[in-house]
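Any value given below was found using the heavy atoms of this structure, including those in side chains, with hydrogens, waters and symmetry copies removed. Quick note on labels: first sequence line is chain A, next is B, and so on, each numbered from 1. Quantities reported herein were computed from a predicted structural model and do not represent experimental measurements.
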Number of protein chains: 2
Amino acid sequence: MDINDEKLIKLFHSRGFKVTPQRLGICNYVLKSTDHPSAEKIYSNIKKKYKTISRATVYKTIALLKEMGLISELNLNTTPSRYDPNQNIHVNIICPKCNSISDYESEVVEEFFLNLKSELDNDILGQNLDVYKICETCSKKK
Amino acid sequence: MDINDEKLIKLFHSRGFKVTPQRLGICNYVLKSTDHPSAEKIYSNIKKKYKTISRATVYKTIALLKEMGLISELNLNTTPSRYDPNQNIHVNIICPKCNSISDYESEVVEEFFLNLKSELDNDILGQNLDVYKICETCSKKK
DNA sequence: TTATCAATTAATAATCATTACTCTTTGATA
DNA sequence: TATCAAAGAGTAATGATTATTAATTGATAA
């Protein structure tokens with residue numbers, strides 16, 4: 001999602017949420033991320049700018065972003081949770097060695113979802129598609 | 001998976017694992033389950049037969065079953081974890097209201113996986129496909 | 001511009017699934 | 001039947017997340 005402060009402020013106001021510097025900082029960071037960060041990653045990053053920020057604030061802002069439909073919490077059975085601002089239909093390719101995650105979009109994925117959706121009476125509320133595969137970096141390492 | 005004590009005993013022996021009544025009990029229960037039980041569900045069930053069984057034993061046996069490739073831990077961001085003995089390619093249809101899970105297999109799912117696999121150089125190590133949809137029971141309740 | 005007040009933050013405690021640990025028991029082998 | 005590593009029971013520890021509480025701060029309206 002292409003995002004900036006102005007858009008975020010409008011979104012918050014339209015939902016009746018207050019605009020705070022911490023929120024803007026966390027949201028900007030998460031929405032621009034491509035590495036599927038954990039709460040801890042988000043926390044340690046935002047801490048650079050807001051020295052006294054608390055983990056609770058990070059978790060609450062994550063919940064806010066989920067509620068607004070701007071990010072998804074990935075369905076991994078690993079802890080901690082990881083978050084993704086990509087709301088297109090895609091497959092998460094997860095490397096079991098280094099836990100890196102990359103999004104994969106293709107015709108095949110798109111079509112599958114449409115076909116499945118029609119098989120399931122078109123009332124799917126959400127989806128999560130994961131595939132495990134050693135990433136390039138790890139397969140080179142050997 | 002069609003399972004019985006005889007098969008399980010062979011499996012354990014072939015892997016060098018000891019055969020214990022607790023193990024047989026837990027494995028039988030999980031492998032025959034269709035409701036994607038949690039560790040706690042497994043524990044409370046097996047407790048009926050083995051009064052002094054410990055959760056640690058349940059968790060260790062679950063790990064054993066995963067290691068043997070007989071069950072999968074579902075990728076849900078909800079806690080506790082849920083387990084599935086169905087090792088066919090399938091979609092987990094999850095009801096966000098009651099957290100029930102049902103397996104869905106079809107041509108569409110099968111073909112998608114084969115196509116995706118070939119797109120990803122055929123070296124997929126595992127997969128997890130989830131879809132959220134209100135179950136029949138919950139949609140009736142209203 | 002300032003007063004008001006509910007929403008938000010920071011800090012900390014609590015929760016709870018899971019894992020680690022320790023000691024006791026037991027299955028498998030010779 | 002003795003031996004011993006593996007497994008079990010019980011309990012403590014871990015760690016991510018959530019709840020709580022008191023202080024702070026946006027947003028609104030006088």
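- B/T61 and B/Q22 share no side-chain donor-acceptor pair at under 3.5 Å.
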Summary of protein contacts for nucleotides 3-17 of chain D, nucleotide by nucleotide, where a base hit scores B, a sugar-phosphate-only hit scores S (4.0 Å, heavy atoms): --BSSBBB-----SS
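- Side-chain atoms of A/H36 and A/N86 include no donor-acceptor pair closer than 3.5 Å.
- A close approach under 4.0 Å does not occur between any side-chain nitrogen or oxygen of A/H13 and OP1 or OP2 of D/dG26.
- Following rounding to the nearest Å, B/D5 (CG) and C/dG27 (P) show an atom-to-atom distance of 14 Å.
- Note on A/L114 and A/V91: separate hydrophobic clusters, where clusters join Ile, Leu, Val, Met, Phe, Trp and Tyr whose side-chain heavy atoms are under 4.5 Å apart, directly or indirectly.
- You'll find the side chain of B/T20 stays beyond 4.5 Å of the side chain of B/F12, heavy atoms only.
- In this entry the distance linking CD1 of A/I62 with P of C/dT9 reads 13 Å, nearest Å.
- Put simply, the residue from A/L65, A/L8, A/L64 that forms a side-chain contact (heavy atoms from CB on, under 4.5 Å) with A/R23 is A/L64.
- The CD atom of A/E67 sits 13 Å away from the P atom of C/dA7 (whole-angstrom rounding).
- One atom, CD1 of B/I9, and another, P of C/dA28, lie 9 Å apart when rounded to the nearest Å.
- Side chain to side chain, A/S81 and A/E73 meet the donor-acceptor criterion of an N or O pair below 3.5 Å.
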